[in-house]
Novice: 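Supplied in structure tokens, the structure appears directly below.
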Amino acid sequence: MPPPDAAALIDWPTDFGTRYAIFVDTEEEFDWSAPFSRDAHGLSALAALPDAHRRLVARGAAPAFFVDYPVASDPRAADVLRAILADDPRVAIGAQLHPWVNPPFEEPLSALASYAGNLPPALLEAKLDALTEAIAAAFGRRPLAFRAGRYGLAPGLLGLLARSGYRLDSSVRPGFDYRADGGPDFTRIDAAAWRDAVIELPLSTVFTGLLRRRGARLHAALGAVPRARGAFARTGLLSRVPLTPEGVPVAEALEAIAVALGEGSRLLNFAFHSPSLVPGHTPYVRDGADLARFWRWWDRVLDLLDRRGVRSASLDDLLAALA
């Protein structure tokens with residue numbers, strides 16, 4: 001994916017300040033190591049969502065939930081989210097497209113087809129329509145924000161989102177290259193938001209270390225040398241740090257936040273998957289100790305953001321600032 005034109009980059013309003021957002025990939029649980037399946041999944045982990053929401057809101061956060069088709073189309077799952085909506089007016093429901101569990105089902109089950117941007121345009125549009133309508137029916141409002149599952153964005157998808165009434169996409173994961181699995185390459189993209197057919201708000205990835213200015217290009221080149229990335233990270237030369245509690249030690253996250261703020265970032269975009277709220281559903285939270293570590297990560301990160309005067313931004317806050 002090419003970087004945006006400089007003229008398209010967003011200049012946040014002065015009164016917006018420096019903020020952070022939390023977008024939760026609110027989805028079914030499934031075996032991440034197994035082949036893709038239309039029906040081998042569950043929704044039990046959603047029961048942990050209300051407590052997680054309360055914990056984050058108590059710290060001043062305003063999470064938004066990117067809901068996929070299995071969640072939106074299940075009455076009990078939708079009830080969980082409707083209760084959260086009723087309690088918190090800042091909550092927003094966005095959409096997340098997992099093609100393999102989102103009708104219509106015309107594509108083969110494969111890694112290539114799991115990236116929405118690889119689907120034929122007509123099929124992609126039909127899946128997006130089905131997802132959008134399911135969310136509107138479940139929650140009484142059409143979603144305005146979108147994320148492609150597995151970060152499976154393609155340029156044509158942004159125009160389709162605009163035609164479907166979306167205003168913001170957050171599918172770009174800067175510094176990551178998924179081409180080996182048939183997905184997109186984001187190594188030429190940084191964390192700055194830009195205007196396209198819709199607003200593109202990348203997830204936050206921060207490069208730390210003595211060679212951080214060389215960032216994604218050096219990190220990509222190191223990938224061709226066995227164990228080079230690990231060696232550079234251990235010696236403090238270069239680390240790639242996505243802002244998520246999933247697989248990222250808290251010390252690395254705190255350093256990355258300090259680097260991002262020191263370099264003038266105005267918005268930090270955090271993310272995690274809802275199945276990580278219950279042990280055993282993702283590789284990141286396998287047991288109770290991992291779950292305790294997950295919440296300690298958030299405590300330390302939110303403490304730092306509080307000390308630095310970085311306030312939360314709801315989806316409505318973001319859209320208002322960008323209107």
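One is the number of the first residue; the rest follow in order along the sequence. Predicted model only: the values in this text are computed from it and were never measured. Side-chain atoms are counted along with the backbone in the values below, which use heavy atoms only and exclude waters and symmetry mates.
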Novice: Hey, do the aromatic rings of W32 and H273 have their centres closer than 6.0 Å?
Specialist: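 Yes, they do, as the ring centres are separated by less than 6.0 Å.
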Novice: Using a 3.5 Å distance criterion without hydrogens, assess whether the side chain of D31 forms a donor-acceptor pair with backbone atoms of S33.
Specialist: yes
Novice: List the atom pairs, donor and acceptor, that lie under 3.5 Å between side-chain atoms in residues 80-87 and the rest of the protein, sequence neighbours left out.
Specialist:
from	atom 1	to	atom 2	distance (Å)
R82	NH1	A138	O	2.6
R82	NH2	D79	OD1	2.2

Novice: Answer yes if L267 and V310 sit in the same cluster of Ile, Leu, Val, Met, Phe, Trp and Tyr residues linked by side chain heavy atoms under 4.5 Å apart, and no otherwise.
Specialist: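 Shared cluster, no.
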Novice: Which heavy-atom pair separates I189 from M1 by the least distance, and what is that distance?
Specialist: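 Between these two residues, the closest heavy atoms are CD1-O, 3.7 Å.
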Novice: If you take all heavy atoms of P103 and V101, which pair is closest and at what distance?
Specialist: CD-O, 3.8 Å
Novice: How would you list, by chain and number, every residue that makes a side-chain contact (heavy atoms from CB on, under 4.5 Å) with R90, sequence neighbours excluded?
Specialist: A62, D88, S312, S314, D317
Novice: Does CZ belonging to R229 count more than 12 external heavy atoms closer than 6.0 Å?
Specialist: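 Yes, CZ of R229 has more than 12 neighbouring heavy atoms, counting only those of other groups under 6.0 Å.
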Novice: Between D290 and R293, does a salt bridge (charged side-chain N to carboxylate O under 4.0 Å, His left out) hold up when you go through it step by step?
Specialist: CA-CA 5 Å; D290 283 347; R293 194 175 300 113; 2.5 Å; yes
Novice: Between L97 and D68, is there a side-chain heavy-atom distance shorter than 4.5 Å?
Specialist: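 With C-beta onward as the side chain, the pair stays apart.
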Novice: Hey, could you give me each pair passing side-chain hydrogen bond (donor to acceptor under 3.5 Å, both in side chains) that has a residue in residues 142-154? Not counting sequence neighbours.
Specialist: D25-R147, S114-R150, E133-R142, R147-S170, R150-D181
Novice: Give a yes or no answer on whether the side chain of T235 reaches the backbone of A231 with a donor-acceptor pair at less than 3.5 Å.
Specialist: yes
Novice: Above 12 or not: heavy atoms from other molecules or residues under 6.0 Å from CZ of R38?
Specialist: yes
Novice: Mind checking whether D303 and R307 have side chains closer than 4.5 Å, heavy atoms only?
Specialist: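 The answer is yes, as the side chains (C-beta and beyond) meet within the 4.5 Å cut-off.
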Novice: For the backbone of P202 and the side chain of N269, can you confirm whether one donor and one acceptor N or O come within less than 3.5 Å of each other?
Specialist: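 Checked: pair present.
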Novice: State whether the number of non-hydrogen atoms from other residues, nucleotides or ligands found under 6.0 Å of D11 atom CG is greater than 12.
Specialist: no
Novice: Is there a side-chain contact between D287 and L291 in this structure, where contact means two heavy atoms from C-beta onward sitting under 4.5 Å apart?
Specialist: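 Answer no - side chains too far apart.
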Novice: Tell me the closest heavy-atom pair linking G182 and N118, and the distance in Å.
Specialist: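 Heavy-atom minimum between the residues: O-ND2, 2.8 Å.
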Novice: Are the side chains of P242 and L203 in touch, meaning some heavy atoms are under 4.5 Å apart?
Specialist: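 In short, these two side chains do not touch, never coming nearer than 4.5 Å.
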Novice: So which atom in F66 and which in Q96 form the shortest heavy-atom distance, rounded to 0.1 Å?
Specialist: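 Here F66 and Q96 meet closest at O-NE2, 3.5 Å.
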Novice: Would you say the side-chain atoms of S171 pair up with the backbone N or O of A148, donor to acceptor, closer than 3.5 Å?
Specialist: yes
Novice: Should the pair R188 and F186 be classed as cation-pi, given the thresholds of under 6.0 Å to the six-membered ring centre and 45° from the axis?
Specialist: no
Novice: Determine, using the 4.5 Å side-chain heavy-atom cutoff (strictly less than), whether I199 and V172 are members of one ILVMFWY cluster.
Specialist: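 No; V172 is not reachable from I199 via cluster members.
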Novice: Establish whether L131 and V67 are linked, either directly or via other cluster members, by ILVMFWY side-chain heavy-atom contacts under 4.5 Å.
Specialist: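 L131 clusters together with V67.
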Novice: Begin from the C-alpha positions of R311 and Y20 and carry the test side-chain hydrogen bond (donor to acceptor under 3.5 Å, both in side chains) through to its verdict.
Specialist: CA-CA 6 Å; R311 298 178 295 126; Y20 71 92; over 6 Å; no
Novice: Should P4 and E200 count as side-chain neighbours, where that means a heavy-atom distance under 4.5 Å?
Specialist: no
Novice: Please confirm whether R55 makes a cation-pi placement over W298, using NZ or CZ under 6.0 Å from the six-membered ring centre and within 45° of the ring normal.
Specialist: no
Novice: What closest approach, in Å, do F294 and P245 show between heavy atoms, and which atom pair accounts for it?
Specialist: CE1-CG, 3.4 Å
Novice: Mark yes or no for whether R19, through its side chain, and L268, through its backbone, hold a donor-acceptor pair below 3.5 Å.
Specialist: no
Novice: Would you please say whether a donor-acceptor pair under 3.5 Å links the side chains of E29 and S44?
Specialist: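 Yes, a side-chain donor-acceptor pair sits under 3.5 Å.
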Novice: For E255 and R212, run salt bridge (charged side-chain N to carboxylate O under 4.0 Å, His left out): C-alpha distance rounded to whole Å, both residues' side-chain angles, the deciding distance at 0.1 Å, then the answer.
Specialist: CA-CA 12 Å; E255 180 184 6; R212 66 178 182 272; over 6 Å; no
Novice: Run the numbers on E106 and K127 for salt bridge (charged side-chain N to carboxylate O under 4.0 Å, His left out), then give the verdict.
Specialist: CA-CA 10 Å; E106 300 174 8; K127 285 181 180 287; over 6 Å; no
Novice: Are V285 and L43 in one and the same hydrophobic cluster, where Ile, Leu, Val, Met, Phe, Trp and Tyr link if side-chain heavy atoms are under 4.5 Å apart?
Specialist: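 Yes: a chain of side-chain contacts under 4.5 Å links V285 to L43.
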Novice: I need the single residue from T244, L302, I257 that forms a side-chain contact (heavy atoms from CB on, under 4.5 Å) with F270. Which is it?
Specialist: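 When side-chain contact (heavy atoms from CB on, under 4.5 Å) is applied between F270 and each of T244, L302, I257, only I257 qualifies.
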Novice: Checking side-chain contact (heavy atoms from CB on, under 4.5 Å) for the pair L168/L201: CA distance, chi angles, key distance, verdict?
Specialist: CA-CA 7 Å; L168 181 147; L201 186 68; 4.2 Å; yes
Novice: Walk me through it: do S276 and T282 pass the test side-chain hydrogen bond (donor to acceptor under 3.5 Å, both in side chains)?
Specialist: CA-CA 6 Å; S276 286; T282 70; 2.9 Å; yes
Novice: Whether the side chain of R195 engages the backbone of L322 through a donor-acceptor N/O pair (distance < 3.5 Å, no angle test) should be reported.
Specialist: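 Yes.
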Novice: Is the closest side-chain heavy-atom distance between H281 and V278 below 4.5 Å?
Specialist: yes
Novice: Do you know the tightest heavy-atom contact between A256 and V206?
Specialist: O-CG1, 3.5 Å
Novice: Is there a donor-acceptor contact under 3.5 Å linking the side chains of H41 and E27?
Specialist: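 No.
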